[in-house]
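Here is the naming used below: chain letters follow the sequence lines, and residue numbers restart at 1 for every chain. Remember, predicted model here, so these are calculated numbers, not experimental data.
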2 protein chains.
Amino acid sequence: MGKKSELLPGTLDLLILKTLSRGSLHGYGIAASIKRISGDLLTVEEGSLYPALQRLLLQGWVKAAWKVTETKRRARYYTLTREGRKQLGEEMSQYESMITAIGRVLQDA
Amino acid sequence: MGKKSELLPGTLDLLILKTLSRGSLHGYGIAASIKRISGDLLTVEEGSLYPALQRLLLQGWVKAAWKVTETKRRARYYTLTREGRKQLGEEMSQYESMITAIGRVLQDA
DNA sequence: ATCTATACATAGGCTTTCTATGATTATCGC
DNA sequence: GCGATAATCATAGAAAGCCTATGTATAGAT
């Protein structure tokens with residue numbers, strides 16, 4: 001029957017950019033952070049996350065560097081670029097106006 | 001570069017079901033209603049709308065009947081079924097919990 | 001030793017939405 | 001009457017986005 005997405009489609013980039021705006025993180029950490037902060041309601045699957053990060057890299061909104069985690073594992077840390085910060089602002093305001101518009105349609109009466 | 005969608009992807013069915021919950025409408029009218037109520041922020045393209053209506057028909061959430069409009073044109077009027085009303089309720093609460101969860105991630109701090 | 005959790009990555013598929021196109025007909029301005 | 005515009009339905013094909021499944025590797029716990 002086709003399960004529903006774990007996310008609202010179209011919001012993944014925004015969620016990642018916002019998460020990185022709080023500080024650099026590796027991919028696994030981004031997913032964990034989104035899951036935790038959302039109260040377990042949002043799950044970013046690895047098959048969605050890594051391609052998304054590639055897109056963000058390509059567009060220059062994040063940059064990446066290999067490092068070693070506190071737990072001694074190699075991981076790629078992503079950092080928001082200046083462009084990425086700008087993009088985040090734009091996506092935030094677009095998102096908010098979308099949500100407002102949808103809210104109007106969904107409200108009773 | 002790929003323009004952004006006119007909608008938040010994944011919300012179209014919900015918008016249509018909600019619109020029909022206010023009364024039967026034909027396709028063109030559904031699109032017009034969503035556009036108007038959203039303050040012109042949401043535009044449902046015909047190439048999105050009609051396939052979506054086919055899906056809703058297939059799933060039994062709406063039914064359709066040909067009629068003549070006030071302006072003497074033939075049009076297919078869609079009506080929410082009982083199942084459709086149930087589905088609307090489910091999608092509403094899913095949507096709201098998604099939005100809440102996303103809001104947590106997007107809020108500062 | 002084996003299992004679990006951490007960590008990255010890609011391929012293939014499905015669903016949804018968009019663009020483009022096409023057809024029909026009522027109404028309005030000229 | 002004629003041409004333009006708006007109303008109305010519909011489909012095909014492409015593009016995008018997310019998921020499932022899979023593969024690799026290693027640190028730490030049992």
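- Checked against side-chain contact (heavy atoms from CB on, under 4.5 Å), B:Thr71 has the following partners two or more places apart in sequence or in another chain: B:Thr69, B:Arg73.
- Annotation: of the two residues near DNA chain D, B:Pro51 and B:Ala75, the 5′-most nearest-nucleotide partner is B:Ala75.
- Atom CG in A:Leu7 sits roughly 8 Å away from atom C1' in D:dC18 (whole-Å rounding).
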Could you give the side-chain donor-acceptor pairs of residues 44-58 of chain A under 3.5 Å, partners two or more places apart or in another chain?
residue: A:Arg55; atom: NH2; partner: A:Asp13; partner atom: OD1; Å: 3.4

Any protein N or O atoms within reach of nucleotides 26-28 of chain C? Criterion: under 3.5 Å, listing atom names and distances.
residue: C:dA26; atom: O4'; partner: B:Arg73; partner atom: NH2; Å: 3.4
residue: C:dA26; atom: O3'; partner: B:Thr71; partner atom: O; Å: 3.4

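- Distance B:Leu58 CG to C:dT16 P: 12 Å, rounded to the nearest Å.
- When each of D:dA10, C:dC8, D:dC19 is scored by its nearest atom to the side-chain atoms of A:Arg74, the top-ranked nucleotide is C:dC8.
- Residue pairs that meet the ring pair (Phe, Tyr, Trp, His ring centres under 6.0 Å) test with at least one member in residues 5-45 of chain B, sequence neighbours left out, are B:His26-B:Tyr77.
- The list of salt bridge (charged side-chain N to carboxylate O under 4.0 Å, His left out) pairs with a residue in residues 26-36 of chain B, not counting sequence neighbours, is empty.
- Every side-chain contact (heavy atoms from CB on, under 4.5 Å) that A:Lys86 has, sequence neighbours left out, goes to A:Glu90.
- At C:dT17, one or more side-chain N or O atoms of B:Arg55 fall inside 4.0 Å of OP1 or OP2 (strictly under the cut-off).
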Just distance, no hydrogens or angles: give the donor-acceptor pairs under 3.5 Å from side chains in residues 100-109 of chain A, sequence neighbours left out.
residue: A:Thr100; atom: OG1; partner: A:Glu96; partner atom: O; Å: 2.8
residue: A:Arg104; atom: NH1; partner: B:Ser38; partner atom: O; Å: 3.0
residue: A:Asp108; atom: OD1; partner: B:Lys18; partner atom: NZ; Å: 2.7

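- Note: CG (A:Leu49) to C1' (D:dT20) measures 15 Å, nearest angstrom.
- Without hydrogens or angle criteria, B:Thr19 side chain to B:Leu15 main chain gives a donor-acceptor distance under 3.5 Å.
- Between A:Glu91 atom CD and D:dG17 atom P the separation is 10 Å, expressed in whole Å.
- Proximity note for B:Glu6 (side chain, C-beta onward) versus D:dC9, C:dA7, C:dC18: the nearest is C:dC18.
- A heavy atom lying under 4.0 Å from DNA chain C marks the following residues of residues 39-48 of chain A, by number: A:Glu46, A:Gly47.
- In terms of heavy atoms, B:Ile99 sits closest to A:Tyr95 at CD1-OH, 3.5 Å.
- The interatomic distance linking B:Met98 (CE) with D:dC18 (P) rounds to 11 Å, in whole Å.
- In terms of position on DNA chain D, the residue among A:Asp13 and B:Leu53 whose nearest nucleotide sits closer to the 5' end is B:Leu53.
- Not counting sequence neighbours, the partners of A:Thr79 by the side chain to side chain donor-acceptor pair (under 3.5 Å) test are A:Ser24.
- When every heavy atom of B:Glu91 is checked against every heavy atom of B:Trp61, the shortest pair comes out as OE2-CZ3, 4.2 Å.
- In this entry the distance linking OH of A:Tyr50 with P of D:dC18 reads 16 Å, nearest Å.
- Residues satisfying the side chain to side chain donor-acceptor pair (under 3.5 Å) test with A:Ser21, not counting sequence neighbours, are none.
- Near DNA chain C, meaning a heavy atom under 4.0 Å from it, residues 22-38 of chain B has no residue at all.
- With rounding to whole Å, B:Leu8 atom CG is found 21 Å from C:dT15 atom P.
- When the C1' atom of D:dC18 is taken as reference, atom CD1 of A:Ile16 falls 12 Å away, rounded to whole Å.
- When the salt bridge (Lys or Arg N to Asp or Glu O under 4.0 Å) test is applied to A:Arg74, no partner is found at least two apart in sequence or on another chain.
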